[in-house]
**Student:** 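Take a look at the following structure, please.
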2 protein chains.
Amino acid sequence: MPVKETRSFREVCRENGIAVTHQRQVLYEVMKSMDGHPSPEEVYARVKKKVPAISLATVYKNIHLFIESGVFQKVSMHHGSVRVEMNGEPHHHMVCSKCRKITDIGEKELGLVAKRSRLPGGFLVERYAVDAIGVCASCQKSSC
Amino acid sequence: MPVKETRSFREVCRENGIAVTHQRQVLYEVMKSMDGHPSPEEVYARVKKKVPAISLATVYKNIHLFIESGVFQKVSMHHGSVRVEMNGEPHHHMVCSKCRKITDIGEKELGLVAKRSRLPGGFLVERYAVDAIGVCASCQKSSC
DNA sequence: AGCATAAACGATAAAAGTTATCGTTTGAGA
DNA sequence: TCTCAAACGATAACTTTTATCGTTTATGCT
């Protein structure tokens, strides 16, 4: 049994002022062991094998907690609904992590990018989509 | 009334083999006139002012049609459920537009990025999330 | 260790976003 | 103008996520 891992999880909890529960710990360890970019349902299915009585709500609540605490990250700023792009010009996005606003920024203004069309594994690039994730000017001013 | 716009919409429809309906045309023009990255609900609210009887389902169906036809684009490829990132190393993603698989790629392998922490408008960058969107090796081989 | 309290849990209802169904209406080509 | 496939509106259903609430558990204090 990995004592070191256990300790680091307890430390993570202490740092963030959250309780060390059995469900939380198993969830953390299962997620750590998963490759790729699982959805909450996939995580739930895996955790359920070890803690059959766990609730999906608990999985969601703790995934959020881990993300808020910075233990894990969201792959994308999950926009909640489909967003449509009508701007035909090549550009990227500034995404505010507080208010979720998406603002266009031109390729040149962003100051990017090596334009490689082949990546390792033979992946053929059609386009790059860059999100600069941070805090917009007005959210920096407001306290909330 | 913008005859030129009307014509270009008719051409778009002809190119894609879809009918020119009143709802479709109003939807197209409203979307063209909107700044930013509206959600289907926002588009629906706007279109409803001009075509009060329009159905939300029609808005969804046509937004999909426009995206499939390449008239507009999706802002982000991975939407549907939250995806969690457990890989702590700085990296980005290769997203296959055919099979939707998301593969990690290290910052150095990608050969990217200007590390600016301030962007125009005072936007404060916390991190960059880069999606290289294209076709993965196995999808290049397969015909479908 | 025992106890009080706040936090977390499970079950489940509800909300939000999206898709499917189906009967009716409409546009495109003959 | 007529025919028929396509598109429409209404709405049910489905998926994902969040909120509610009564019960259980972890934590800090004695």
Side-chain angles (χ1 to χ4, degrees), chain A residues 6-7 9-28 30 37-45 47-69 71-72 74-84 100 102, chain B residues 6-7 9-28 30 37-69 71-72 74-84 100:
Chain A
T6 299
R7 164 151 304 149
F9 177 68
R10 299 195 87 90
E11 280 165 15
V12 165
C13 288
R14 187 150 312 163
E15 281 166 25
N16 292 287
I18 59 179
V20 179
T21 67
H22 180 225
Q23 290 90 335
R24 193 118 77 202
Q25 181 154 0
V26 172
L27 182 63
Y28 174 82
V30 165
H37 308 88
S39 65
E41 283 286 349
E42 286 164 348
V43 173
Y44 176 58
V47 174
K48 224 169 182 216
K49 288 177 188 166
K50 299 199 174 182
V51 187
I54 200 169
S55 165
L56 178 59
T58 300
V59 171
Y60 268 99
K61 280 182 269 194
N62 281 302
I63 287 177
H64 284 151
L65 198 60
F66 289 149
I67 290 171
E68 283 158 25
S69 305
V71 178
F72 298 132
K74 281 193 231 183
V75 168
S76 84
M77 288 285 112
H78 174 248
H79 302 124
S81 66
V82 168
R83 297 295 164 141
V84 187
R100 296 292 166 93
I102 305 169
Chain B
T6 299
R7 165 152 305 150
F9 177 69
R10 300 196 87 91
E11 279 165 17
V12 165
C13 288
R14 187 150 312 162
E15 280 166 25
N16 294 286
I18 59 179
V20 179
T21 68
H22 180 226
Q23 291 90 335
R24 193 118 76 201
Q25 181 155 2
V26 172
L27 182 63
Y28 174 81
V30 164
H37 308 87
S39 66
E41 284 285 348
E42 286 164 348
V43 173
Y44 176 57
R46 285 266 218 131
V47 174
K48 223 168 186 223
K49 288 178 187 166
K50 300 198 175 185
V51 187
I54 201 169
S55 164
L56 179 60
T58 300
V59 171
Y60 269 99
K61 280 182 269 194
N62 281 301
I63 287 177
H64 285 150
L65 198 60
F66 289 150
I67 290 171
E68 283 159 24
S69 305
V71 178
F72 299 132
K74 277 195 238 185
V75 168
S76 145
M77 296 297 289
H78 31 70
H79 150 272
S81 68
V82 169
R83 296 296 162 144
V84 188
R100 294 296 160 95

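To find a chain, count down the sequence lines: A is the first, B the second, and so on, and within it residues start at 1.
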**Student:** Report yes if a side-chain nitrogen or oxygen of B:Thr58 is closer than 4.0 Å to either non-bridging phosphate oxygen (OP1 or OP2) of D:dG9; otherwise report no.
**Tutor:** yes
**Student:** Give A:Ile18 one of three labels, base, sugar-phosphate or nothing, depending on what nucleic acid heavy atoms sit under 4.0 Å from its own.
**Tutor:** sugar-phosphate
**Student:** Check the distance between D:dT18's C1' and A:Leu56's CG and give it to me in whole angstrom.
**Tutor:** 11 Å
**Student:** Could you tell me the separation between the CG atom of B:Asn62 and the P atom of D:dA6, rounded to a whole number of Å?
**Tutor:** 15 Å
**Student:** Does B:Ala57 reach a base, just sugar-phosphate, or nothing at all? Heavy atoms under 4.0 Å.
**Tutor:** base
**Student:** Examine C:dT25: is either OP1 or OP2 under 4.0 Å from a nitrogen or oxygen in the side chain of B:Gln23? Give yes or no.
**Tutor:** no
**Student:** Think B:Arg24 has a side-chain N or O under 4.0 angstrom from the OP1 or OP2 of D:dC8?
**Tutor:** yes
**Student:** Expressed in angstrom and rounded to an integer, what is the separation of B:Ile54 atom CD1 from D:dA7 atom C1'?
**Tutor:** 11 Å
**Student:** Measure from CD on B:Glu68 to P on D:dA7 and round the result to the nearest Å.
**Tutor:** 11 Å
**Student:** Nearest 0.5 angstrom please: A:Tyr44 OH to A:Ile54 CD1, how far?
**Tutor:** 8.0 Å
**Student:** Please state how far atom NZ in B:Lys61 lies from atom P in D:dA10, giving the value in whole angstrom units.
**Tutor:** 11 Å
**Student:** Are any of B:Ser55's side-chain N or O atoms less than 4.0 Å away from OP1 or OP2 of D:dT11?
**Tutor:** no
**Student:** Is the distance from OP1 or OP2 of D:dT18 to the nearest side-chain N or O of A:His64 less than 4.0 Å?
**Tutor:** yes
**Student:** Using atom types as modelled and distance alone, determine if a side-chain donor or acceptor of A:Arg83 lies under 3.5 Å from a backbone N or O of B:Lys74.
**Tutor:** no
**Student:** Would you say B:Tyr60 reaches C:dT19's phosphate, i.e. side-chain N/O to OP1/OP2 under 4.0 Å?
**Tutor:** no
**Student:** Classify the ring geometry between B:Phe66 and B:Tyr28 as parallel (under 30°), tilted (30 to 60°) or perpendicular (over 60°).
**Tutor:** perpendicular
**Student:** Taking for each residue the nucleotide of DNA chain D bearing the nearest heavy atom, is the 5' side occupied by A:Pro40 or by B:Ala19?
**Tutor:** B:Ala19
**Student:** Mind calculating the distance between CZ (B:Phe9) and P (C:dG27) to the nearest angstrom?
**Tutor:** 12 Å
**Student:** Hey, what do you get for OG1 (A:Thr58) to CG (A:Leu65), rounding to the nearest 0.5 Å?
**Tutor:** 11.5 Å
**Student:** I need the NZ-P distance between A:Lys48 and C:dG10, as an integer number of Å.
**Tutor:** 10 Å
**Student:** Measuring from B:Gln23:CD to B:Lys61:NZ, what's the distance to the nearest 0.5 Å?
**Tutor:** 10.5 Å
